[in-house]
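This structure is a prediction, so every number in the text was calculated from the model and none was measured. Numbers restart at 1 for each chain; the letters A, B, ... are given by sequence-line order, proteins then strands.
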Amino acid sequence: MSGFDDIPFFDEEPAPRKPQPPATGGIAARAMAARDRQQRPDYLSGLNPEQAEAVESLDGPVLVLAGAGTGKTRVLTTRIAHILSTGRAFPSQILSVTFTNKAAREMKERIGVLVGHAVEGMPWLGTFHSIGVKLLRRHAELVGLRSDFTILDTDDVIRLIKQIIQAEGLDDKRWPAKQFAGMIDGWKNKGLDPAQIPEGDARAFANGKGRELYAAYQNRLRTLNACDFGDLLLHPIRMFRSNPDVLKEYHDKFRYILVDEYQDTNTAQYMWLRLLAQRPKGVPQNVCCVGDDDQSIYGWRGAEVDNILRFEKDFPGAKVIKLERNYRSTEHILGAAAHLIAHNEGRLGKTLFTERTDPDDEKVQVHAAWDSEEEARAVGEEIEQLQRKSHKLNDMAILVRASFQMREFEDRFVTLGLNYRVIGGPRFYERLEIRDAMAYFRLVCQPADDLAFERIVNTPKRGLGDTTVRTLHDYARARDIPMLAAATDIIGTDELKPKARKGLFDVVADFRRWQGLLETTPHTELAEQILDESGYTAMWQNDKSAEAPGRLENLKELIRSMEAFESLRGFLEHVSLVMDAEQNENLDAVSIMTLHSAKGLEFDTVFLPGWEEGLFPHQRALDEGGRSGLEEERRLAYVGITRAKHRCHIWFVSNRRIHGLWQSTLPSRFLDELPITHVDVAESEQSYGGYGRGGYGQSRFDKADPFQNNYSTPGWKRAQQNRSDATRDNWGSRSGHAVERIGYGESGPRSRTIDGELVAKSTSTEPSRFTVGDRVFHMKFGNGNISAIEGNKLTIDFDKAGQKRVLDGFVEKV
DNA sequence: TGGTCCTCAGTTTTT
DNA sequence: CTGAGGACCA
């Protein structure tokens with residue numbers, strides 16, 4: 001390597017004020033390094049020995065196995081600061097990859113703080129995808145694109161695929177575009193071209209046309225000058241493979257490579273990294289990957305834990321550093337988490353420990369509730385109690401397995417007047433009105449963006465229905481021109497009816513005018529003008545529906561958020577990659593989110609509701625993922641527990657409403673995998689009965705608490721047995737215990753209570769043992785009369801609880 | 001073209 | 001039970 005100034009890139013920073021980076025391994029470098037070791041700079045002083053080693057091992061491959069709360073981000077950022085301040089590389093010579101924009105943003109901030117003075121940029125710190133875009137914009141022509149290609153999001157992709165399926169003369173109902181989009185995504189995650197996909201996969205869709213459709217889709221993307229998210233990884237890989245000279249430029253350029261959350265990389269990302277990390281024999285591969293195999297929870301979307309497990313083979317001579325000293329949680333929380341995760345096989349094996357022990361630290365609490373309503377109520381009460389002891393709501397979080405669980409908490413918090421915020425719900429940029437507006441902007445910047453054209457050509461209504469659009473589409477395809485251009489042509493002919501022609505004429509004129517203003521008018525102003533002149537704003541102003549005002553407000557917000565950008569183009573690029581909008585952090589509120597979105601976060605108090613078989617671990621994970629599915633669920637549980645700093649409260653319920661029907665549930669097997677030494681079973685003052693309090697009968701907890709005798713009540717033991725049985729057929733065994741009785745009615749069908757589908761199907765043909773008008777008793781709702789029967793689903797008018805629908809296994813004739 | 005009815009499905013999510 | 005998406009009719 002001769003240096004950096006002969007690398008022909010123009011966006012790199014000018015000559016540094018700091019010391020010149022000497023050639024690696026040079027005498028000066030070693031002297032400087034020695035000096036730095038003697039006078040350890042500030043930023044190194046707070047590190048523990050393992051962290052310091054991870055930061056200072058700069059030559060050769062390094063794998064940092066960073067357990068939860070062990071200072072992973074700190075190591076990464078300090079390592080970069082160290083590289084910079086020892087003059088080993090310029091910011092532009094460090095490639096640093098994260099998975100989310102948020103992680104990238106945080107790293108930039110923290111590096112800035114560490115280095116003190118302004119570090120220009122870190123132009124190559126970003127997500128795999130944003131770095132992919134950057135590479136592609138420079139070398140687009142090498143993969144058959146123009147550098148102004150557009151990036152399609154999921155919605156665009158689905159619409160495009162739908163068109164392709166229809167164009168093939170296939171029934172798009174039988175072969176849903178969404179499903180195929182998922183398949184393509186899966187293939188791209190694995191780095192597969194149409195030619196490379198497995199024969200079985202190719203046959204599985206559309207009577208064996210899978211491969212053909214995938215190829216057609218790629219062709220279509222190329223004509224549209226567009227990429228989907230997968231292409232942002234695959235195109236650079238293709239480009240590097242077929243242009244070794246270009247790859248070499250980047251080899252010379254990137255002196256250090258860092259990868260965050262390595263356990264989440266998929267095969268394509270892995271190939272990408274391998275390519276960039278290649279070095280001639282004898283040249284050290286300065287790759288540093290940071291991750292935690294125990295926190296790999298994205299297998300279902302293509303992440304390969306294997307990548308991290310295989311690191312030492314992939315990068316010979318790699319140094320592996322484990323960070324196990326935890327700075328986040330109490331010993332009880334760590335003890336519980338460690339014991340749980342130890343049930344997984346195929347781990348690299350870390351055990352977190354902490355040096356702080358405080359006898360006042362609370363153990364992990366396990367609570368039982370009668371049903372999910374009570375669960376929400378009780379959690380709400382706990383939160384209020386903590387609040388009274390002046391704990392901040394911001395320090396509390398409810399982490400659920402599936403988003404439908406959020407609703408009951410939200411309902412409850414609304415009635416309590418408790419502030420909450422839902423993290424991860426539908427996103428700002430995915431809203432209808434925002435996407436419409438964006439389509440207008442896209443088409444102004446990108447006249448060839450047919451998907452944008454089709455989206456808004458008749459929004460607001462301009463009398464341009466399906467027929468017109470199809471005519472335009474065919475016209476454009478036949479001549480291989482964009483649809484907007486086709487529209488321009490076609491209005492000069494008499495191919496359209498006068499009404500459509502007029503409408504189209506106006507649209508074309510509008511866009512031509514806006515395009516003309518692109519360079520001269522400030523972009524926020526132009527954006528507003530576009531929305532007004534197109535009639536889009538008016539469309540919502542005239543809309544009387546309840547959402548309309550909100551939508552208008554969102555449009556204003558959209559314009560406002562554009563102010564931070566220099567141009568419409570810059571804004572569009574940002575949005576296509578960064579779909580998140582910032583949350584209001586000033587409000588003190590409880591966070592509600594899924595376990596998946598909680599990864600990387602921490603809270604003083606964490607509530608983990610819904611620890612029941614079938615929900616957590618999720619039935620589908622077990623059915624589809626088998627053993628590895630179960631292990632991933634267990635890692636998810638591990639992630640959940642390790643989010644907590646001081647208090648971790650786990651809940652399970654006996655009855656949960658699934659698809660509108662009340663079903664009885666069994667405690668999660670994960671509860672049994674917690675160590676009793678670090679866990680307390682919460683004894684609650686209040687009745688677990690909920691409705692039962694009023695005298696409909698006793699809650700099962702009045703008689704038997706499943707936690708008595710260290711989790712060894714007969715019911716629970718039996719539940720354990722049933723679960724571990726390979727055959728799911730022995731549901732007949734039962735005793736007088738309440739748990740059993742609820743789930744498997746005396747003479748009811750032999751069906752699994754957790755799995756709603758099985759229950760529903762297995763009985764649909766059998767005649768019901770009940771008839772309308774029967775007087776029945778239900779454990780939760782008490783007495784009532786049957787008013788309707790559908791298969792095994794009963795509609796019952798309860799005396800006190802009102803009308804409910806329940807499964808027949810839950811009630812008895814009186 | 002717009003609204004209403006019906007059917008169907010129903011984990012997790014980033015880019 | 002809910003929400004989405006499609007079919008169907010005015």
Side-chain angles (χ1 to χ4, degrees), chain A residues 97-104 126-133 151-154 157-158 162 171-173 176-179 182 185 188-189 227-233 261 264-266 268-269 296-303 399-408 423-427 429-430 432 458-467 543 545 573-580 593-600 610 614-625 629 632-633 635-637 639-640 656-663 755-757 760 793 795 803-806:
Chain A
V97 208
T98 64
F99 272 82
T100 62
N101 292 297
K102 192 173 157 221
T127 61
F128 278 100
H129 297 267
S130 65
I131 290 169
V133 174
I151 302 162
L152 305 186
D153 66 24
T154 324
V157 167
I158 290 171
K162 193 166 182 174
D171 179 2
D172 66 306
K173 270 188 71 185
K178 210 170 164 186
Q179 190 193 338
D185 202 50
K188 290 194 172 179
N189 284 158
C227 276
D228 63 15
F229 284 121
D231 287 340
L232 298 181
L233 293 170
E261 305 279 17
D264 288 338
T265 46
N266 61 34
Q269 286 156 338
S296 159
I297 55 175
Y298 286 112
W300 51 273
R301 68 175 199 209
L399 311 182
V400 298
R401 175 60 182 80
S403 41
F404 76 83
Q405 293 172 262
M406 294 179 180
R407 179 132 168 203
E408 265 163 319
I423 314 254
R427 320 246 215 96
Y429 290 109
E430 282 167 9
L432 176 88
N458 199 30
T459 309
K461 300 277 176 286
R462 301 183 176 96
L464 301 166
D466 280 355
T467 340
D543 189 310
S545 69
E573 174 100 356
H574 170 82
V575 171
S576 62
L577 291 171
V578 183
M579 296 289 284
D580 58 348
M593 67 189 96
T594 63
L595 287 160
H596 283 93
S597 24
K599 195 168 77 153
L615 176 59
F616 193 34
H618 199 280
Q619 193 58 46
R620 229 161 133 171
L622 301 179
D623 292 346
E624 286 164 25
E632 186 156 307
E633 295 286 292
R635 291 193 290 268
L636 204 46
V639 167
R656 189 172 288 279
R657 198 158 56 177
I658 299 168
H659 307 335
L661 295 168
W662 284 98
Q663 296 184 223
D755 189 332
E757 210 181 359
K793 295 166 198 162
T795 306
Q803 194 179 73
K804 304 272 175 191
R805 299 219 316 156
V806 296

Which nucleotide, [options], lies nearest any side-chain atom of [X]?
X: A/His618; options: B/dT12, C/dG6, B/dT11; answer: B/dT11
X: A/Arg401; options: B/dT12, C/dA7, B/dT13; answer: B/dT12
X: A/Trp300; options: B/dT11, B/dT12, C/dG3; answer: B/dT12
X: A/Thr127; options: B/dG2, B/dT11, B/dT15; answer: B/dT15
X: A/Thr594; options: B/dG2, B/dT13, B/dT14; answer: B/dT13
X: A/Arg301; options: B/dT13, C/dG6, B/dT15; answer: B/dT13
X: A/Arg407; options: C/dT2, B/dT13, C/dG6; answer: C/dT2
X: A/His659; options: B/dT12, B/dG2, B/dG10; answer: B/dG10
X: A/Lys173; options: C/dG6, B/dT12, B/dT13; answer: C/dG6

To the nearest angstrom, how far is [X] atom [atom1] from [N] atom [atom2]?
X: A/Arg462; N: B/dT1; atom1: CZ; atom2: P; value: 12 Å
X: A/Phe99; N: B/dT13; atom1: CZ; atom2: P; value: 16 Å
X: A/Gln179; N: B/dG10; atom1: CD; atom2: P; value: 11 Å
X: A/Leu432; N: C/dA4; atom1: CG; atom2: P; value: 12 Å
X: A/Gln619; N: B/dA9; atom1: CD; atom2: C1'; value: 17 Å
X: A/Phe404; N: B/dT12; atom1: CZ; atom2: P; value: 8 Å
X: A/Gln405; N: C/dT2; atom1: CD; atom2: C1'; value: 16 Å
X: A/Arg657; N: B/dG10; atom1: CZ; atom2: C1'; value: 14 Å

**OP:** Could you grab the distance from atom CE of A/Met406 to atom CG of A/Leu399, nearest 0.5 Å is fine?
**Re:** 9.0 Å

Original post:
What's the spacing between A/Leu152 CG and A/Leu232 CG if we round to 0.5 Å?
Top reply: 9.5 Å

**OP:** Assign A/Asn458 to base, sugar-phosphate, or nothing according to its heavy-atom contacts below 4.0 angstrom with the strands shown.
**Re:** sugar-phosphate

**OP:** Give one of base, sugar-phosphate or nothing for A/Glu633, where a contact means two heavy atoms less than 4.0 Å apart.
**Re:** nothing

May I ask you to verify if any side-chain N or O of [X] is less than 4.0 angstrom from the OP1 or OP2 atom of [N]?
X: A/Lys162; N: C/dG6; answer: yes
X: A/Asn101; N: B/dT15; answer: yes
X: A/Ser597; N: B/dT13; answer: yes

Original post:
Which word best sums up how the rings of A/His129 and A/Phe229 line up, parallel for under 30°, tilted for 30 to 60°, or perpendicular for over 60°?
Top reply: perpendicular

Original post:
Using the P atom in both, what is the distance from B/dT12 to C/dG5, to the nearest Å?
Top reply: 16 Å

**OP:** Decide side-chain contact (heavy atoms from CB on, under 4.5 Å) for A/Val133 and A/Glu573; before the verdict, give the C-alpha distance in whole Å, the side-chain angles of both, and the deciding distance to 0.1 Å.
**Re:** CA-CA 9 Å; A/Val133 174; A/Glu573 174 100 356; 3.0 Å; yes

Subject >> Pair A/Glu261 + A/Lys599, salt bridge at N-O below 4.0 Å >> reply: yes

Original post:
Given the rule in the ring-ring contact (aromatic ring centres under 6.0 Å, His included) test, do A/His618 and A/Trp300 qualify, once you have shown the distances and angles that lead to the verdict?
Top reply: CA-CA 13 Å; A/His618 199 280; A/Trp300 51 273; over 10 Å; no

**OP:** Assign each of A/Gly463 and A/Ser403 to its nearest nucleotide of DNA chain B by heavy atoms, then name whichever residue's nucleotide is nearer the 5' end.
**Re:** A/Gly463

